[in-house]
*Asks:* 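Right, I'll just put the structure down here and ask away after.
This is a predicted model, so every value here is computed, not measured. Convention: sequence-line order gives letters A, B, ...; per-chain numbering from 1.
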2 protein chains.
Amino acid sequence: MFKLNSCLILYTIRNTIMSNIELNDKKIQILEVAEKLFSEKGFDGTSIRDISKMAKINIAMVSYYFGSKERLLEALILYKTSDLKLQIESLLHENLEPLDKVNKLVEIYINRINCNRGIYRILHFELTSKKREENLAAFAELKKGNLKSLETIIREGQSKGIFRTDVVIPLITPTILGTFFHFHMNKPFFQELLHLNTETLYNDYIKNSLTKHIQQTIKALLVYEN
Amino acid sequence: MFKLNSCLILYTIRNTIMSNIELNDKKIQILEVAEKLFSEKGFDGTSIRDISKMAKINIAMVSYYFGSKERLLEALILYKTSDLKLQIESLLHENLEPLDKVNKLVEIYINRINCNRGIYRILHFELTSKKREENLAAFAELKKGNLKSLETIIREGQSKGIFRTDVVIPLITPTILGTFFHFHMNKPFFQELLHLNTETLYNDYIKNSLTKHIQQTIKALLVYEN
DNA sequence: GTTTAATTTAAACACTTGTTTAGTTTTTGT
DNA sequence: ACAAAAACTAAACAAGTGTTTAAATTAAAC
């Protein structure tokens with residue numbers, strides 16, 4: 001069975017897809033470095049010189065390839081989110097019980113974001129507070145589409161009489177993603193608290209305990225009977 | 001009854017407490033402006049000139065009063081989090097059923113953070129990713145203390161046979177706070193989605209629907225029976 | 001009222017920022 | 001092989017960064 005513990009597979013697929021459109025190896029190299037640094041030091045906290053240094057290229061290459069730092073970010077967003085929509089939508093048509101679909105949705109989300117921590121942190125938390133909304137129209141569309149998919153799954157469960165009907169569906173995504181993000185954003189705190197000394201232990205905890213906790217939470221929220 | 005829809009009361013109390021220690025009006029003015037700008041544009045995205053301009057003071061005054069930009073941030077954190085611990089701990093000794101305590105804890109958290117959005121966004125999401133951990137030891141202690149309080153409440157409910165015992169307690173806070181933060185960090189998205197056109201509508205939605213959703217979630221998670 | 005201390009200021013400091021320019025090297029097409 | 005295009009580079013640009021300095025103003029103390 002295809003287990004979700006590899007970030008590498010999707011990564012390779014994406015590179016293949018994207019490179020057919022417009023990205024060459026150098027651009028990808030820049031994007032990868034940019035993601036790493038943006039996620040570590042924030043967008044404003046990362047300079048083009050930092051990026052070019054780590055990517056071992058000339059400073060001018062970023063402007064040459066992407067035009068500006070802002071447009072580098074836009075390219076990064078596109079690069080990293082282009083195939084999530086497909087992944088979610090294909091889940092819709094799988095032959096699974098509603099609850100299993102929800103569980104798998106959680107699994108996809110967590111694995112997905114866990115493999116692309118940097119860019120999702122920027123997307124969800126750094127950019128929304130600023131006046132960069134106009135640049136992120138495509139991302140808003142992605143969110144809307146994913147919400148529609150979730151709604152379809154839940155409505156299915158509701159019509160089958162499995163899920164309760166007094167749930168505010170748009171607030172479920174915040175619970176799923178918010179729980180993960182809050183955990184991960186406070187990584188040092190939880191690493192100490194839960195004795196997750198190594199990176200492996202930390203990642204395993206996310207893949208197992210945290211994912212299970214979120215699935216348990218959503219299940220309790222959806223299936224709970226008064 | 002004391003309703004939680006006022007951010008002003010706590011704000012006034014805090015100012016009174018803090019000013020007795022070391023803060024004068026000018027310092028407070030700088031801190032308030034700093035919080036506003038940090039929360040809008042991020043720590044790195046805000047310059048001391050921005051702050052001094054909006055606070056209508058000379059640039060040198062920030063260094064004069066706080067020493068540096070980093071230490072201004074530290075002062076801001078202390079200024080804004082000093083009384084949350086007391087508020088949570090006093091809840092522990094109230095004569096309430098465990099579930100009501102949990103619900104009130106959620107209410108306190110959401111109101112509290114909602115009234116201090118800026119600083120909490122910085123604390124939870126901007127600073128944790130960088131190497132600023134050493135500056136935030138006090139904040140980590142606050143988090144630990146609050147977790148202990150939550151644990152006390154839940155253990156109480158468990159020993160009374162009301163709460164299930166297979167819950168990972170440290171993961172409950174991420175669910176509570178993460179849900180709120182994810183909602184608020186994607187404010188423009190949810191404002192459009194849920195037609196919360198005005199600031200009042202948005203705030204009311206947080207105070208009512210979102211708080212209820214989180215309480216419902218935690219209740220389902222704690223009380224759910226197989 | 002004078003002196004001492006605290007506050008406030010404008011200017012300068014050295015440094016980093018994103019971007020552009022003008023020139024060089026490399027690759028590509030014929 | 002040669003010309004055109006693309007890739008790449010070092011240097012410079014103007015603007016902005018956090019911080020410091022030294023002088024001016026205000027407040028406090030005696």
*Asks:* Rounded to whole angstroms, how far apart are NZ on Lys26(A) and P on dT26(C)?
*Replies:*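 My rounded result for the distance is 13 Å.
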
*Asks:* Before you tell me yes or no, could you show the steps for Glu35(A) and Asn116(A) under side chain to side chain contact (heavy atoms under 4.5 Å, CB included), namely the whole-Å CA-CA distance, both residues' side-chain angles and the distance that decides it to 0.1 Å?
*Replies:* CA-CA 9 Å; Glu35(A) 183 195 18; Asn116(A) 299 280; 4.1 Å; yes

*Asks:* For Ala60(A) and Ser47(A), take the nucleotide of DNA chain C holding the closest heavy atom to each; which residue's nucleotide lies nearer the 5' end?
*Replies:*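 Nearer the 5' end of the strand: Ser47(A).
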
*Asks:* Just the rounded figure in Å: distance from P of dG18(D) to CG of Asn58(B).
*Replies:*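 My rounded result for the distance is 14 Å.
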
*Asks:* To the nearest Å, how far apart are Ile48(A) CD1 and dA10(D) C1'?
*Replies:*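 After rounding, the reported distance stands at 16 Å.
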
*Asks:* Please state how far atom CD1 in Ile30(A) lies from atom C1' in dA7(D), giving the value in whole angstrom units.
*Replies:*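 To the nearest whole Å, that distance equals 11 Å.
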
*Asks:* Ignoring the backbone of Tyr65(B), work out which of dT20(C), dA6(D), dT8(C) is nearest its side chain.
*Replies:*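 Selected nucleotide (nearest to the side chain): dT8(C).
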
*Asks:* How many whole angstroms separate atom CZ of Phe66(A) from atom P of dC8(D)?
*Replies:*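 To the nearest whole Å, that distance equals 12 Å.
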
*Asks:* What is the distance, to the nearest angstrom, from the CE atom on Met61(B) to the C1' atom on dT19(D)?
*Replies:*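 So the two atoms are 15 Å apart, to the nearest Å.
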
*Asks:* Give Ser52(A) one of three labels, base, sugar-phosphate or nothing, depending on what nucleic acid heavy atoms sit under 4.0 Å from its own.
*Replies:*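 It contacts nothing in the nucleic acid.
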
*Asks:* Please state whether the base of dG18(D) and the side chain of Arg49(B) form at least one donor-acceptor pair under 3.5 Å?
*Replies:*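 Looking at the base of dG18(D), it does pair with a donor or acceptor on the side chain of Arg49(B) (distance under 3.5 Å).
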
*Asks:* Find the distance between NZ (Lys144(A)) and NZ (Lys85(A)) and round it off to the nearest 0.5 Å.
*Replies:*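 With rounding to 0.5 Å, NZ (Lys144(A)) is 11.0 Å from NZ (Lys85(A)).
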
*Asks:* Would you please confirm or rule out a distance under 4.0 Å between OP1 or OP2 of dA7(D) and any side-chain N or O of Tyr64(A)?
*Replies:*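 Answer is yes, contact under 4.0 Å.
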
*Asks:* Would you say the side-chain atoms of Thr173(B) and His182(A) include a donor-acceptor pair closer than 3.5 Å?
*Replies:*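 His182(A) and Thr173(B) do not have a side-chain donor-acceptor pair below 3.5 Å.
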
*Asks:* Starting from C1' on dA10(D), measure out to CD1 on Ile57(A) and report it in whole angstrom.
*Replies:*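 So the two atoms are 14 Å apart, to the nearest Å.
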
*Asks:* With a 6.0 Å cut-off on ring centres, are Phe183(A) and Tyr205(A) close enough?
*Replies:*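 Under 6.0 Å, so yes.
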
*Asks:* Find the distance Asp44(A):CG to dT16(C):P and express it as a whole number of Å.
*Replies:*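 Asp44(A) atom CG is separated from dT16(C) atom P by 17 Å.
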
